[in-house]
Chemist: 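Supplied in structure tokens, the structure appears directly below.
Numbering starts at 1 and runs along the sequence shown.
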Amino acid sequence: MVTFRRSILKTAVIAFAGGGLAACGGGGDSGAREPAVADTEDVRSTVKDFLRLDATDHRSAACKLLTTRAHAQVEALGGVPGRDSCEDSLDAVDSVALGPDTIDRMALTRRGDRALLVLADDEGRFGLRADGGRWRIDDLLSPELAESPRPSDAGLTDGSDEQQVRATYEAVLDAYRARNYARSCGLLSYGAEAQVILTAIVAQATAKGSTVEPHGLPCAKAVRRVERLGGLVPAGATPSGVTVEVDGDRATVRAAGREAAPFVHEEGRWLVAPSDQPVI
């Protein structure tokens, strides 16, 4: 299992080459400020520090260098959904660190509060984000310098929690039926996004004659691939008799003839929550 996972990561997320990523409770993205231009080289320092700390079992400190999105990716890669600590998730996968000289040779580009480190010939990428006054690792599965905004429909964030969850559930169904993959990605939590991308990567890596894209896989493209594997949402009209159960920042939508759909309150809105089943 570990060998298979490391094989995938070496081609799809070479920067970690088997060194875990995990959704660890809190890497907070609030209160971010953009570092000064002179701080751009801190991007490399962040990556070096993370790899060094993880390799030397200082995983609590390593986790502080990850944003909430990177935490979610770590959990999915570690294959231990539901773990409460980032340290446990990092410990689930052997770490293979890149040397500082390799990090220094990676091409660095920046746009606003985002930065991108790219290996030669685009064989792997690190996506970083200015968060809490410093650069943190933000995206290893589909790193880019721009991010599409989440859907802004008023109904998704207005009304009671139950009304918002119900509206998001219906929006998800509509997006999948319309094959609007970009919109469907905007309705996924970071954990669900990571699981969808990894599902697509694993499917591609195990397909005969197929190769994994080394620069990562954009969410919309991953959703399209997973949908072709058998569909993410049953076809047909929105089911009747839908019930919504809200418990704190978690919610469950139930409908006759369909699996229960989990939701999580993240970034001030309700989004599709990740499955409790590991991808790899």
Chemist: Quick check against the 3.5 Å criterion: does Arg224 have a side-chain atom that pairs as donor or acceptor with the backbone of Val226?
Modeler: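 Absent.
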Chemist: Hey, does Leu108 have a side-chain heavy atom less than 4.5 Å from the side chain of Leu117?
Modeler: yes
Chemist: What is the minimum heavy-atom distance between Leu116 and Arg125, and which atoms define it?
Modeler: CD2-NH1, 3.8 Å
Chemist: Please report the shortest heavy-atom distance between Arg111 and Ala146, naming the atom on each side.
Modeler: NH1-CB, 3.8 Å
Chemist: Would you find a donor on one side and an acceptor on the other, under 3.5 Å apart, between the side chain of Asp139 and the backbone of Ser142?
Modeler: yes
Chemist: With sequence neighbours left out, what residues match Ser160 under side-chain contact (heavy atoms from CB on, under 4.5 Å)?
Modeler: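 Checked Ser160 against side-chain contact (heavy atoms from CB on, under 4.5 Å); matches are Glu162, Gln163.
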Chemist: Measure across Arg166 and Val242 and return the closest heavy-atom pair with its distance rounded to 0.1 Å.
Modeler: NH1-O, 3.1 Å
Chemist: Does Arg44 come within less than 4.0 Å of Asp42, counting only side-chain N to carboxylate O?
Modeler: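 A salt bridge is absent here (no side-chain N lies under 4.0 Å from a carboxylate O).
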Chemist: Please find the pair of heavy atoms, one from Pro262 and one from Pro274, that lie closest to each other, and give the distance.
Modeler: CG-O, 4.3 Å
Chemist: Can you name the nearest heavy-atom pair linking Cys219 to Glu193, along with the distance?
Modeler: SG-CG, 4.0 Å
Chemist: Is the closest side-chain heavy-atom distance between Val246 and Trp270 below 4.5 Å?
Modeler: yes
Chemist: Please report the interatomic distance OG1(Thr46) to NZ(Lys64), rounded to the nearest 0.5 Å.
Modeler: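 Going from OG1 on Thr46 over to NZ on Lys64, the span is 14.5 Å.
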Chemist: Taking the basic N atoms (NZ, or NE/NH1/NH2) and the acidic carboxylate oxygens, is any pair closer than 4.0 Å for Arg129 and Glu147?
Modeler: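 Looking at Arg129 and Glu147, the cut-off is not met.
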Chemist: Please say yes or no: joined through hydrophobic side-chain contacts below 4.5 Å, possibly via intermediate residues, are Leu271 and Val253 part of one cluster?
Modeler: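 Leu271 does not cluster with Val253.
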Chemist: Is the shortest heavy-atom distance from the side chain of Val47 to the side chain of Leu128 under 4.5 Å?
Modeler: yes
Chemist: Check side chain to side chain donor-acceptor pair (under 3.5 Å) between Asn180 and all other residues, then give those that pass, not counting sequence neighbours.
Modeler: none
Chemist: Which value, rounded to the nearest 0.5 Å, describes the distance between Thr102 atom OG1 and Leu119 atom CG?
Modeler: 7.5 Å
Chemist: In chain order, what residues pass the side chain to side chain donor-acceptor pair (under 3.5 Å) check against Glu245, with sequence neighbours excluded?
Modeler: Arg254
Chemist: Flag the pair Tyr176 / Val223 as yes when at least one side-chain heavy-atom distance between them is below 4.5 Å, and no otherwise.
Modeler: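 They are in contact (side-chain heavy atoms under 4.5 Å apart), so the answer is yes.
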Chemist: Closer than 4.0 angstrom, basic N to acidic O: yes or no for Arg114 and Glu144?
Modeler: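 No salt bridge links Arg114 with Glu144.
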Chemist: Nearest 0.5 Å, please: how far is CG in Asp49 from CZ in Arg52?
Modeler: 5.0 Å
Chemist: Would you mind reporting whether Gln195 and Leu198 have side-chain heavy atoms less than 4.5 Å apart?
Modeler: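 They are not in side-chain contact.
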Chemist: For a quick test of reading the model, state the closest non-hydrogen atom pair linking Leu217 to Arg225 and the distance between them.
Modeler: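 Nearest pair, atom of Leu217 first, then Arg225: CD1-NH1, 3.4 Å.
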Chemist: Could you walk me through whether Leu65 and Leu53 pass the side chain to side chain contact (heavy atoms under 4.5 Å, CB included) test, one step at a time?
Modeler: CA-CA 10 Å; Leu65 299 178; Leu53 290 167; 4.1 Å; yes
Chemist: Does Thr243 have any side chain to side chain donor-acceptor pair (under 3.5 Å) partners at least two apart in sequence or in another chain, and if so, which?
Modeler: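 None.
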Chemist: So do the side chains of Phe126 and Leu140 get within less than 4.5 Å of each other, counting heavy atoms only?
Modeler: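 The answer is yes; the side chains approach within 4.5 Å.
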Chemist: What is the distance from atom CG of Leu66 to atom CD1 of Ile137, rounded to the nearest 0.5 Å?
Modeler: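 Going from CG on Leu66 over to CD1 on Ile137, the span is 5.5 Å.
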Chemist: Determine whether Val264 and Val272 fall in the same hydrophobic cluster, where Ile, Leu, Val, Met, Phe, Trp and Tyr are linked whenever their side-chain heavy atoms lie under 4.5 Å apart.
Modeler: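 Shared cluster, no.
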Chemist: I'd like to check the side-chain contact (heavy atoms from CB on, under 4.5 Å) partners of Thr157; sequence neighbours left out, ordered by chain and number.
Modeler: Arg269
Chemist: For residues 181-188, which side-chain N or O atoms pair as donor and acceptor with protein atoms under 3.5 Å away, sequence neighbours left out?
Modeler:
residue: Arg183; atom: NH1; partner: Asp153; partner atom: OD1; Å: 3.3
residue: Arg183; atom: NH2; partner: Asp153; partner atom: OD2; Å: 2.8
residue: Ser184; atom: OG; partner: Tyr181; partner atom: O; Å: 2.7

Chemist: Salt-bridge test for Asp104 and Lys48: reply yes if a basic N is under 4.0 Å from a carboxylate O, no otherwise.
Modeler: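 Lys48 and Asp104: salt-bridged.
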Chemist: With salt bridge (charged side-chain N to carboxylate O under 4.0 Å, His left out) as the criterion, how do Arg59 and Asp57 come out once you've worked through the C-alpha distance, each side chain's angles and the decisive distance to 0.1 Å?
Modeler: CA-CA 5 Å; Arg59 296 196 170 106; Asp57 295 335; 3.2 Å; yes
Chemist: Has Asp247 got more than 12 heavy atoms of other residues, nucleotides or ligands less than 6.0 Å from its CG?
Modeler: no
